[in-house]
Structure formats: C-alpha cells, structure tokens
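By convention here, the first residue in the shown sequence is residue 1. In this text, all values refer to a predicted model and were calculated from it rather than measured experimentally.
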Amino acid sequence: MKKLISMLLAVGMAASLAACGSTATTDSAAASESTADVASTAEAAADTADGESDLAYIQEKGKMTIGYTVYAPMNYTDENGEFVGFDTELATAVCEQLGVEPEFVEINWDTKIVELDAKSIDCIWNGMTLTDDIMSNTACTEAYAKNAQVIVMKADAGYTSTADLVGKTVVAEAGSAGESTIQGDENLSQADYISKSVQTDCLMEVAAGTADAAVLDLTLASAMIGEGTDYADLAIVDELNAEEYGVAFRKGSDAAAAVNDAFAALKADGTMQALADKYGLTLAE
C-alpha cells in the first residue's frame, strides 16, 4: 500500500511539474512574441518618422539651406549689391509658404549631391536641369521652368555645326547639363574639353580667346551676352536640346512634395508668372 501511495504521489508531482514547465514555456513564447511585436512597431514608427523627417527637420530648424552657384538670371548679385534672381525670389516665396526662412549657400556644383546627402544643404535650387542622374539620386520637384543647352562663341566665329568644334577647345561647368551635352554629342566629345567651376567662368574663357566655345544654359546665355552686356562680342550660335529645371532634395525626402504644393499656390496667385516675366524665363507646363 505504501509503495502504491508513493507511486501515485510521484506521478502527481511529475504531472504538476510538466504543467508548470508547459506554462513557463508558453509564457516565455508569449513574452518573446510580445517583444517582437513591440520591436516591429517601433521599427515601423522609426521608418515612418524617417520618411517624414526631412520636411520636419527643415521646419524644426526654421530655415531651408539652399545650395546655389552664381548663375544669372537664377541666383546672382546685381549692380546694387543685392542678391536677386528668379530662383532666389521663387525660393524665398516658397519658404514663406512653408513657414521657414531661406538660407542661400554657395556650393561647388560638381559635388552638389554629396553636400545634399551630408546635410550641408537641404536642397539644390539653381536652374538645375532634371537629368536622369539627378532624378535617380535625389527627390526632385516637378519642373518649374524650361531651358536648353546652347553653344556660345565670338560673334564673328565661323560656325555651321558641332563638327566645326572637333579638336577645338570647348568649356562647360563641371557636373552641369552642358558637360553632359558635350560628352553625349558625337562631335563635341572629340573637342578638347575643359571644365570650369561656374558657367560665368566659361564666358570669360571664350571672351578672352582661351576657349573657342562654351556650352551653357540658354537662360544664362540670354541674360549675360550680347548688346548692352559685358560680353557684347559673344553670341549664341546653336541650340542643342530642350530641358527643364527643378529642385532636388535628399533621396526619399517629403520636402519635394511640399514644394510642389507651394508651386501650385504660387502659380494660382500669379507670383511665378510675374517672376518669369521679370527675369525672361518660360514656365514649364
């Protein structure tokens, strides 16, 4: 009888321990699952925050840091010493819509995306052509103005086509659409190409005779050469391709969409058209 009782007690204790072990395992699994859920939720929240952080980052610091180069009629200093231009005034109007102040920082155009990613600047806003490279590496706004790449030479230079520039010295701004145009043209790619830090330096080279031609933005060339300018002896001899201007923010940034909304409002109230008329530009459709 004692042996039977002992055996029954042993079986009961084993069953009890097994039940406790099962409960502990279940509790542990539930706790693990709960922790995983919290981590997953936190990660999702972080991803959402990251997706919205660029616009919030700009608005929290109260200013938009705008990367530019000297480029009339987009961003330049006029004869009165005032910093003006189509992009200068448009960016200021957009910043007012977003509730922040504009801060203009002159950059090296060739390293513009590096500066953007490093947060040295918040956007590139300087008559920037919406190239495939720019659009694949940044978050771009919709196009806001039209442009083209043109060849500028001395007015008395003989020119019939880009074939005339094979073996000649041709300049363009480093990292610009003009540089890409030279590289992509069968004849211009056979020229002696020299890159310059800004487009205005290209005009100086052609005027001085140290370069035969420059490939530049139509908007800049139209504003800076010809009668009544410092480059009265230069002329546009060819228009190579049409393009459009946009603003670039960091890849994945939601600030581009916010600027698009501001563009829509500024088009509706006539501000953008007034600026285009003032600076001789054509708005994108």
Exercise. Can you say whether the rings of Y68 and F83 are parallel (under 30°), tilted (30 to 60°) or perpendicular (over 60°)?
Worked result: tilted

Problem set entry | Those residues that, when tested against Y159, pass ring-ring contact (aromatic ring centres under 6.0 Å, His included) (two or more places apart) | none

For this session: Indicate yes or no: at least one non-hydrogen side-chain atom of F263 is less than 4.5 angstrom from one of T141.
Result: yes

For this session: Say whether M204 and V198 are linked into one hydrophobic cluster, either directly or through other cluster members, by side-chain heavy-atom distances under 4.5 angstrom.
Result: no

Exercise. Is there side-chain contact between L203 and I225, with at least one heavy-atom pair below 4.5 Å?
Worked result: yes

Seminar exercise, completed: Taking every heavy atom of C140 against every heavy atom of I134, the minimum-distance pair comes out as SG-CG2, 3.5 Å

Exercise. Where do N75 and F104 land on the side-chain contact (heavy atoms from CB on, under 4.5 Å) test, with the steps shown first?
Worked result: CA-CA 9 Å; N75 308 88; F104 294 93; 4.1 Å; yes

Problem set entry | Trace of the side-chain contact (heavy atoms from CB on, under 4.5 Å) decision for I113 with T138 | CA-CA 8 Å; I113 295 180; T138 66; 4.3 Å; yes

For this session: Please tell me if the side chains of M64 and P102 come closer than 4.5 Å, counting only heavy atoms from C-beta onward.
Result: no

Problem set entry | Euclidean distance, L55 CG relative to L98 CG, rounded to 0.5 Å | 6.5 Å

Problem set entry | I236 side chain near L218 side chain, heavy-atom distance below 4.5 Å | yes

Exercise. Does a sphere of radius 6.0 Å around CD in Q183 hold more than 12 heavy atoms from other residues, nucleotides or ligands, not counting ones at 6.0 Å or beyond?
Worked result: yes

Problem set entry | Side-chain (D212) to main-chain (V170) donor-acceptor, under 3.5 angstrom | no

Seminar exercise, completed: Only residue of L165, V215, N187 satisfying side-chain contact (heavy atoms from CB on, under 4.5 Å) with I182 is V215

For this session: Anything under 30° is parallel, anything over 60° is perpendicular, the rest tilted; go ahead and classify Y245 against Y144.
Result: tilted

Exercise. How far apart are the C-alpha atoms of I58 and K63, what are their side-chain angles, what is the distance that settles it, and do they pass the side-chain contact (heavy atoms from CB on, under 4.5 Å) test?
Worked result: CA-CA 6 Å; I58 292 168; K63 64 182 179 181; over 6 Å; no

For this session: Verify, without hydrogens or angle tests, whether D233 (side chain) and K154 (backbone) share a donor-acceptor contact under 3.5 angstrom.
Result: no

Problem set entry | Pairwise side-chain contact, Y279 with L90, heavy-atom cut-off 4.5 Å (strictly under) | no

Exercise. Are L216 and Y76 joined in one hydrophobic group, where the rule is that I, L, V, M, F, W and Y side chains link up if heavy atoms are under 4.5 Å apart?
Worked result: yes

Exercise. Under the 3.5 angstrom rule, does the side chain of N80 hit a backbone N or O of E82 as a donor-acceptor pair?
Worked result: no

Problem set entry | side-chain contact (heavy atoms from CB on, under 4.5 Å) assessment of N108 paired with V114 | CA-CA 10 Å; N108 181 333; V114 174; over 6 Å; no

Exercise. Roughly how far, to the nearest 0.5 Å, is the CG atom of L220 from the OG1 atom of T200?
Worked result: 7.0 Å

For this session: Answer whether the closest heavy-atom distance between the side chains of M153 and L234 falls below 4.5 Å.
Result: no

For this session: Identify the two heavy atoms, one from P73 and one from A223, that lie closest to each other, and give their separation to 0.1 Å.
Result: CD-CB, 4.0 Å

Exercise. Should W109 and F86 be counted in the same cluster of Ile, Leu, Val, Met, Phe, Trp and Tyr side chains packed under 4.5 Å apart?
Worked result: no

Problem set entry | Interatomic spacing from OG1 in T129 to CE in M135 - rounded to 0.5 Å | 10.5 Å

Seminar exercise, completed: When rounded to the nearest 0.5 Å, the distance separating CG of L188 from CD1 of I151 is 5.0 Å

Seminar exercise, completed: Rounding to 0.5 Å, atoms OG (S197) and CG (D110) come to a distance of 10.0 Å

For this session: Would you confirm whether S253, through its side chain, and F249, through its main-chain N or O, come within 3.5 Å as a donor-acceptor pair?
Result: no

For this session: For N126 and D87, test the side chains for any donor-to-acceptor distance below 3.5 angstrom and give the result as yes or no.
Result: no

Problem set entry | CE-CE distance between M128 and M74, expressed to the nearest 0.5 angstrom | 11.0 Å

For this session: Check whether any side-chain heavy atom of R250 lies under 4.5 Å from a side-chain heavy atom of Y57, and answer yes or no.
Result: yes

Exercise. Tell me the salt bridge (Lys or Arg N to Asp or Glu O under 4.0 Å) pairs involving residues 124-142, sequence neighbours left out?
Worked result: none

Problem set entry | Residues, nucleotides or ligands: over 12 heavy atoms within 6.0 Å of E106 CD | yes

For this session: Check E173, Q199, K112 against T69 for a side-chain contact (heavy atoms from CB on, under 4.5 Å) and give me the one that passes.
Result: E173

For this session: Might you point out which heavy atoms bring S195 and A174 nearest each other, and give the distance in Å?
Result: CB-CB, 3.9 Å

Exercise. Do the side chains of L283 and L266 join up, straight or via other hydrophobic residues, at under 4.5 Å, putting them in one cluster?
Worked result: yes

Problem set entry | Backbone of G178 reached by a side-chain donor or acceptor of S176 within 3.5 Å | yes

For this session: Say whether T219 and Y71, considering side chains only, have a donor N or O and an acceptor N or O under 3.5 Å apart.
Result: yes

For this session: Evaluate the side chain to side chain donor-acceptor pair (under 3.5 Å) criterion for residues E205 and T210: first the C-alpha distance (whole Å), next the side-chain angles of each, then the deciding distance (0.1 Å), finally the verdict.
Result: CA-CA 5 Å; E205 295 284 349; T210 50; 2.3 Å; yes

Exercise. Would L240 end up clustered with V171 when hydrophobic side chains under 4.5 Å apart are linked, directly or stepwise?
Worked result: no

Exercise. Between K251 and D54, does at least one N-O distance fall below 4.0 Å, as a salt bridge requires?
Worked result: no

Exercise. Would you say the side chain of I66 lies within less than 4.5 Å of the side chain of E103, judging by non-hydrogen atoms?
Worked result: no

Exercise. Which of these, N241, D217, D185, D238, sits in a side chain to side chain donor-acceptor pair (under 3.5 Å) with Q149?
Worked result: D217

For this session: State whether the side chain of E115 and the backbone N or O of T111 hold a donor-acceptor pair below 3.5 Å, judged by distance alone.
Result: no

Problem set entry | Distance under 6.0 Å and angle within 45° of ring axis: K168 vs Y193 | no

Exercise. Hey, are K146 and E243 close enough for a salt bridge, meaning a charged N less than 4.0 Å from a carboxylate O?
Worked result: no

